[in-house]
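For clarity, every value in this text was computed on a predicted model and none was experimentally measured. Residue numbers run from 1 in the order of the sequence given.
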Amino acid sequence: MLSERAREILDYIRTFARERGYPPTIREIGEAFEIMSTNGVRHHLTSLEREGFIRRNAKISRGIDLLLHDDGPLPQLGGIPILGRVAAGEPILAETSFDESLKPGELFGDTQGLFALKVRGDSMIDAGILEGDFVIVRSQDRASSGDMIVALIGDEATVKYYRPRGTHLELEPANEKYKPILVGSDQEFRVLGIVKGVMRTVGR
């Protein structure tokens, strides 16, 4: 059972993510509710995580993932939720908002853990991904070299090939007009998932 304060914090996280496209930090939550101790904020986040409303990644500052919608689980209805847009050019600010859902039948098997992102930009055209397409992504935080991933660099999301290079990693486009994005060890980086497919409408 959630406390009233935990519910208020959950509402704040939802509103913050909807308006800005990314979740708040622990410090921002503390400032919003005048909670001086970060441990005080973590106590409420632990309650939310235990009840299945959020999932946390302690390795990054904005590592709060919303798992439940206002009226229960994020609607699947046998489909894949569209969570926003992702860059296929230079990275853009990640957006996280439930817009609608794709219903691809059984194309991708179990839809648990899948989500869709609408592509902006042309950096992946040689991989058959055009602006306006939907990439279907399986949520996971690990990738192998050569995987096409959706990555979060700081607060910016992009779709690229994953190429670890020892001291750094490269996010490689599929368009000769673009250079790889170099990610150093000092940058906040996160794999959001592996691209499993592309969906496209015609005549748009």
Steps toward side chain to side chain contact (heavy atoms under 4.5 Å, CB included) verdict (I54, L10): CA-CA 9 Å; I54 66 170; L10 178 60; 4.3 Å; yes
A174 to M124 - nearest heavy-atom pair and separation: N-SD, 3.5 Å
If you apply the rule side chain to side chain contact (heavy atoms under 4.5 Å, CB included), what do you find for R5 with I9, and how did you get there? CA-CA 6 Å; R5 176 51 59 92; I9 289 175; 4.1 Å; yes
Could you give the side-chain donor-acceptor pairs of residues 28-35 under 3.5 Å, partners two or more places apart or in another chain?
unit_1: E28; atom_1: OE1; unit_2: T25; atom_2: N; d: 2.9
unit_1: E28; atom_1: OE1; unit_2: T25; atom_2: OG1; d: 3.4
unit_1: E28; atom_1: OE1; unit_2: R62; atom_2: NH1; d: 2.9
unit_1: E28; atom_1: OE2; unit_2: R62; atom_2: NH2; d: 3.2

May I ask you to decide whether E4 forms a salt bridge with R7, counting only side-chain N to carboxylate O separations under 4.0 Å? no
Partners meeting side-chain contact (heavy atoms from CB on, under 4.5 Å) with S47 (sequence neighbours left out): L2, R50
Nearest atoms (heavy-atom pairs only) where A151 meets L171: CB-CD1, 4.1 Å
Charged N to carboxylate O below 4.0 Å: is that the case for D65 and R190? yes
Would you say R55 has more than 12 foreign heavy atoms packed within less than 6.0 Å of its CZ? no
Taking D147 for its side chain and I194 for its backbone only, find out whether a donor-acceptor pair lies under 3.5 Å. no
Donor-acceptor pair, E172 side chain versus R163 backbone, under 3.5 Å? no
Say whether Y161 and L152 are linked into one hydrophobic cluster, either directly or through other cluster members, by side-chain heavy-atom distances under 4.5 angstrom. yes
Minimum-distance pair of heavy atoms, taken over all atoms of T158 and K160: OG1-NZ, 2.8 Å
Among V137, I149, V150, V159, which residue satisfies the side-chain contact (heavy atoms from CB on, under 4.5 Å) criterion with L192? V150
Where is the tightest heavy-atom contact between E170 and L182, given as atom of each residue plus distance? CG-CD2, 3.4 Å
Output, in order, the C-alpha distance, side-chain angles, deciding distance and verdict of side-chain hydrogen bond (donor to acceptor under 3.5 Å, both in side chains) for R42 and S37. CA-CA 9 Å; R42 289 191 179 96; S37 168; over 6 Å; no
